[in-house]
Protein chains: 2
Amino acid sequence: MRKSGVTISDVARKAGVSASTVSKYLNNIPYVSENTKKKIQAAIDELNFQPNIIARSLAKQETGYLGLLVPEVNNPFYTDLMQTIEAAAAKKGYYIILANTHGDSERELQLARELGNRVDALIFASATNDSRKLNKLIKENYRFLMVSRHVKEVKASHVIVDGFVGGKMAVEHLIRLGHKKIGHIGGPQRIHQFQDRYLGYQNALKQFGIPENHDWVVFGDPSIQVGYQLAVQLMSLPEKPTALFVGNDTLALGVLEACDNYNWSVPDDLAIVSFDNISFSRLALVPLTTIDSRIGELGQIAVETIVQQLREDTSVLNQHKREIVLKPSLVIRKSCGSL
Amino acid sequence: MRKSGVTISDVARKAGVSASTVSKYLNNIPYVSENTKKKIQAAIDELNFQPNIIARSLAKQETGYLGLLVPEVNNPFYTDLMQTIEAAAAKKGYYIILANTHGDSERELQLARELGNRVDALIFASATNDSRKLNKLIKENYRFLMVSRHVKEVKASHVIVDGFVGGKMAVEHLIRLGHKKIGHIGGPQRIHQFQDRYLGYQNALKQFGIPENHDWVVFGDPSIQVGYQLAVQLMSLPEKPTALFVGNDTLALGVLEACDNYNWSVPDDLAIVSFDNISFSRLALVPLTTIDSRIGELGQIAVETIVQQLREDTSVLNQHKREIVLKPSLVIRKSCGSL
DNA sequence: GTGAAAGCGCTAACAG
DNA sequence: CTGTTAGCGCTTTCAC
C-alpha cells in the first residue's frame, strides 16, 4: 500500500477545521459552508492529499469492489464478458477483482469465501451446480449473482441467455438448409446452460421428425482442445454427420482446427452452427455461424442488477431473487453454408 | 462488504484468550503454545470465523492487491497477458484488480492515482510515454512496473520483449522467402515498443540493400479495425507490396479480414508476418506466422519482479530499476507462405 | 507464552 | 454549520 503520509487530520490542521468537517466535504455531505470548502480544498491541493481508501472501507463497511469469478481468464467468451463487466462496473464506480477458478468447484467455493470478504459482492461467471453449497454461501452472508450460468433452487439472482431457444434456433437453421444428419458437440451436461442448449437441439430434431443419433452426440469441457478431439471422434465414424450444432464457440474453434488439419471442408463436408458469438467467431478459420449470447447485455445487466440489490437493501432476507433471461438470435456467417 | 458479525474478539472470548493471541496465531507468529493453538482453532471453526481483510490491510498497511492497467480488456494480447499475470499473482498470494485505460493517457494517470491507493503496486501494461508524468508518480510514492512497454528515463522497472530483434527476424524471414517488396503496418510510433519493431524492419531491409518504400509504411492504433483500413489502403496502391510485416497480431487480424473480404489470397497475393503470437493467432482466418512475444514469461516475470521489490524494500529511494528484455523467436505458420 | 493498550485513517452519530 | 467522541476489526509494541 502506498504510504503518502498525509492524512485527513493533516488536511484538517492546515485548513484550520476538524477532521470530521474534512470528511464531510470529501463525502459531499451538505451543510459545509462555501468558505470552509475553499479552505479545505486549498489544503488538499497544497498537501497533495489522497484519502486512504482502506481506512474508508473499514469505516463505511463497503469496499467499492466487485469480485469476478471466471473459469478461464483467456477464454474469449469470458474475456468478452469481463470487458463489459469491467466497463459497467467502472460506470457505477466499482472496480473489478479478478479470480480464476480453473473450473474447479472446490477452488471456486474457497475463492468465493476469501474474495467475498474483500468485496461488496461477487459475480459468478463460473459456478458449481451444487445448490446446497451455494445456498450455504448465502446463509453465510456472501452476496452474489450468477451470470451466463444458473443453478436451480439457489436463492441468488442470475442473468442468462435462453439456451433452449438458442439451441433450437441453431438446429432449425441447419434443418432448413437441408441437413438431416446433424450431430451435437456439447458442454458438460451438469451445467444447466449446456443442458438447455442440448434440449433445444433435441426439441428441434423432434419437431421435424428426425430421430436423434446418439453416436453423433458427445460432450466435453468447453475448450478448444476438447472441441478438436470430439470433432476427430465424430468424423472418424463410419457414418458421419453432415452438420454439427456445437455447444459454444470455443469448442467450435477446436472443431475448425481439426477440420483444417484433416482437410475436411467447412461448410461443404461439415456445416457448423455454434453458440455465443464471441468477438473472434467472426475472424475464425471459417467465420462462424453462431447464436448470439448477447454477452454485452449479459455483463451490463449483471452489474446493474447486483449494484441495485446492494443499494436497495443490506439485509439478505428481504432480497428477492431476480431471474433475467435474454432471448438469443442467429448470426449467419460462412460455417453453415448458407452464405 | 460482507458482514459476518464474528470478529477476532469473539474468537478470543470463546477460546478464553486475548485478541492479540488470536492474531498471533492467525499470522503464524511463533511462541503460541500448542494448547492454545488448539483452543483457538476450535473457536474459529465453531464460530466460522473469517478475518476481516480490510481491517487487516489497514493495520498492516498492505492490501494483497496488485493493480493491472491495460488499454483494452478484450484485446487478445492483453487477455493472454492478464491470464499469466493473474496466475503468477495468485501463486504469490496476490489478487489482481483490473482497470481499463482505453488507451487514454489522462485516464491512465488518473486511474493510477486512484487505484494506486488501493493496491500494493501497479502493473502498467499500457503506459503514457511521458517520462515526466511517470516520474512524478514515483515521487508521489506510487509503486509500479511496466510490462510489454517501457519509457526511457523512467525510474521504474520494466519487462519487455526485444522489438528490434523481433522486427528484424520477421523481415529477414520474408526476404529469405524471396520477397523484396515488403511493407509495414505498425503501431503508434510514440510507443517505444512499436518504434523498435519498425527500426528492426528498417535494419533488415538495409542489411539486404533493399530501399525502404515509404508508401508501404503506415502506422495506426493497434486494433483490428485499423489493421483492416490500413491493409485496404496499402492494397489500393498502384504498386502493391507482396509481403507485409505487421506490428502486432491484432492489426494482422484486421489485415486478414480485409484480405478475406477483397479476395486477396494470403499468402499468395500477400505474405504476412506479424508480432506477438497471441493464442488466437493459430486459429485466425489464415494461421499467422508471427514473432513470439513470450507473453507467458512477460507476465510471470513482471509479477515476480514487482513482488520481490515489494518485499526487499519499502523505501523507493533504494529501489533500483530493473530492465528485463526477453529475446523473441519466430513461429512459422501459413500466412508467410513457407509452409 | 500471553495480554493490555495504542494505533492504522477514516466515518458517523450526537452535541453544540 | 462544525467539532467531539467513538468506533470499524485487526496488528503490534511492550510489559508481565
Side-chain angles (χ1 to χ4, degrees), chain A residues 1-41 43-44 47-65 114 116-120 141 314, chain B residues 1-41 43-44 47-65 114 116-120 141 314:
Chain A
M1 210 164 102
R2 163 168 169 269
K3 294 167 192 139
S4 85
V6 16
T7 76
I8 201 172
S9 346
D10 296 330
V11 174
R13 199 170 313 117
K14 171 136 275 169
V17 297
S18 78
S20 63
T21 303
V22 177
S23 172
K24 276 169 199 136
Y25 171 68
L26 254 24
N27 290 282
N28 284 317
I29 291 168
Y31 308 124
V32 177
S33 77
E34 283 307 317
N35 186 30
T36 64
K37 274 187 188 171
K38 293 241 163 59
K39 286 193 297 187
I40 293 172
Q41 187 55 54
I44 288 176
L47 296 172
N48 212 303
F49 167 76
Q50 295 263 83
N52 180 322
I53 307 288
I54 308 298
R56 175 179 289 173
S57 297
L58 182 59
K60 292 182 95 144
Q61 299 286 74
E62 56 182 53
T63 63
Y65 291 133
E114 196 183 320
N117 277 302
R118 311 170 152 251
V119 301
D120 295 339
N141 249 294
T314 20
Chain B
M1 207 163 105
R2 164 168 168 268
K3 293 166 195 138
S4 85
V6 17
T7 76
I8 202 172
S9 349
D10 297 330
V11 174
R13 200 172 309 119
K14 171 137 273 166
V17 296
S18 77
S20 61
T21 303
V22 176
S23 171
K24 276 169 197 135
Y25 172 68
L26 255 23
N27 291 281
N28 286 315
I29 291 168
Y31 308 124
V32 177
S33 78
E34 283 306 318
N35 186 30
T36 63
K37 274 187 189 173
K38 293 240 164 58
K39 286 192 298 186
I40 292 172
Q41 187 56 54
I44 288 175
L47 296 172
N48 211 303
F49 168 75
Q50 296 264 81
N52 180 322
I53 308 287
I54 307 299
R56 174 178 291 173
S57 297
L58 182 59
K60 293 181 95 143
Q61 298 286 74
E62 57 182 50
T63 63
Y65 291 133
E114 197 183 319
N117 276 301
R118 312 171 151 248
V119 301
D120 295 340
N141 250 293
T314 22

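Since the structure is predicted, the reported quantities are computational estimates derived from the model, not experimental observations.
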Non-hydrogen side-chain atoms of A:Ile8 and A:Ser23 separated by less than 4.5 Å: yes
With sequence neighbours excluded, residues passing side chain to side chain donor-acceptor pair (under 3.5 Å) with A:Ser9: A:Thr7
Residue list, side chain to side chain donor-acceptor pair (under 3.5 Å) with A:Asn117, at least two apart or on another chain: A:Tyr142, B:Arg2
Positions of residues 17-24 of chain B (non-hydrogen atom under 4.0 Å from DNA chain D), listed by number: B:Ser20, B:Ser23
Using distance only, find each side-chain donor-acceptor pair of residues 57-64 of chain B under 3.5 Å and give its atom names and separation, not counting sequence neighbours.
from	atom 1	to	atom 2	distance (Å)
B:Ser57	OG	B:Ile53	O	2.9
B:Ser57	OG	B:Glu62	O	3.4
B:Lys60	NZ	B:Asn27	OD1	3.2
B:Thr63	OG1	B:Tyr65	N	3.0
B:Thr63	OG1	B:Asp120	N	3.3
B:Thr63	OG1	B:Asp120	OD1	3.0

Value in whole Å for how far the C1' atom of C:dG9 lies from CD of A:Gln61: 14 Å
Gap between atoms CG and P, on A:Asn28 and C:dA12 respectively (whole Å): 13 Å
d(CD1, B:Ile40; P, C:dT2) in whole Å: 8 Å
All side chain to side chain contact (heavy atoms under 4.5 Å, CB included) counterparts of B:Lys38, not counting sequence neighbours: none
Spacing of OG1 belonging to A:Thr21 relative to CG belonging to A:Leu26, to within rounding of 0.5 Å: 11.5 Å
Nearest-angstrom distance from the residue atom CG of A:Asn27 to C1' of C:dC10: 9 Å
Side chain to side chain contact (heavy atoms under 4.5 Å, CB included) assessment of A:Asn48 paired with A:Val6: CA-CA 8 Å; A:Asn48 212 303; A:Val6 16; 5.8 Å; no
Integer-rounded Å distance: C:dA15 P and A:Tyr31 OH: 19 Å
Residues forming a salt bridge (Lys or Arg N to Asp or Glu O under 4.0 Å) with A:Lys24, sequence neighbours excluded: none
Derivation and outcome, side chain to side chain contact (heavy atoms under 4.5 Å, CB included), residues A:Ile44 and A:Lys14: CA-CA 9 Å; A:Ile44 288 176; A:Lys14 171 136 275 169; over 6 Å; no
Side chain to side chain, A:Ile40 and A:Lys37, heavy atoms closer than 4.5 Å: no
Nucleotides bounding contact with chain B, strand DNA chain D, heavy-atom threshold 4.0 Å: D:dG9 to D:dT12
Residue met sooner reading DNA chain C from 5', once B:Ser33 and A:Ile8 are mapped to nucleotides: B:Ser33
Side-chain touch A:Val17/A:Val22, heavy atoms, less than 4.5 angstrom: yes
B:Tyr25 and B:Val11, any side-chain heavy atoms less than 4.5 Å apart: no
Spacing between A:Arg13 atom CZ and C:dC10 atom P, to the nearest angstrom: 12 Å
Bend angle of the helix from C:dG1-D:dC16 to C:dG16-D:dC1, end axes from five pairs each (to 10°): 30°
Those residues that, when tested against B:Lys39, pass salt bridge (Lys or Arg N to Asp or Glu O under 4.0 Å) (two or more places apart): none
Stretch residues 49-59 of chain A: residues that reach within less than 4.0 Å of DNA chain D through a heavy atom: A:Leu58, A:Ala59
